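Heavy atoms only: backbone and side chains are in, while hydrogens, waters and symmetry mates are out. This structure is a prediction, so every number in the text was calculated from the model and none was measured.
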Amino acid sequence: MVWLASPTMHGEELKYITEAYETNWMSTVVANINEVERIAAEKAGVNYAVGLSACTVALHLCVKLAGEKLYGKPAISHGALEGKRMIAV
């Protein structure tokens, strides 16, 4: 087995996981996420940041926004790269 990253906890992570479980807030809409987004925006020097549920979601959003920047906003229910060629490197 090859681990990409080993799961580690160095602080109060278990407390936050337990709190989310016990309060039925197992999603991306809990107060802790708001704080993470605030800190990320502050560190990046921007007004807003968005916490996403997974790296796959972040990559999908990046491709979507890059397509819109290159080709403009697509029609509703059409992808930003529809009919375009894309090479993943």
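Summarising the geometry of A49 relative to A40, their closest heavy-atom pair is CB-CB, 4.0 Å, with the distance given to 0.1 Å. Nearest heavy atoms, H10 versus E13: N-OE1, 3.2 Å. Contact detail for T23 and E19: the closest heavy-atom pair is OG1-O, 2.7 Å.
V50 and V46 fall into different hydrophobic clusters, where Ile, Leu, Val, Met, Phe, Trp and Tyr are joined by side-chain heavy atoms under 4.5 Å apart, directly or via other members. Note on L61: it does not cluster hydrophobically with L59, by side-chain heavy-atom contacts below 4.5 Å among ILVMFWY residues.
Checked against side-chain hydrogen bond (donor to acceptor under 3.5 Å, both in side chains), Y16 has the following partners two or more places apart in sequence or in another chain: E12. The salt bridge (charged side-chain N to carboxylate O under 4.0 Å, His left out) test applied to E68 returns K64, not counting sequence neighbours.
Within a 6.0 Å radius of NZ in K69, other residues, nucleotides and ligands contribute 12 heavy atoms or fewer.
From L52, atom CG reaches atom CD1 of I33 across 10.0 Å, with rounding to the nearest 0.5 Å. Rounded to the nearest 0.5 angstrom, N47 CG and E42 CD are separated by 12.0 Å. E82 contributes atom CD, which lies 8.5 Å from atom OG of S77 (distance to the nearest 0.5 angstrom).
Side-chain contact check for K84 versus Y71: some heavy-atom pair is nearer than 4.5 Å.
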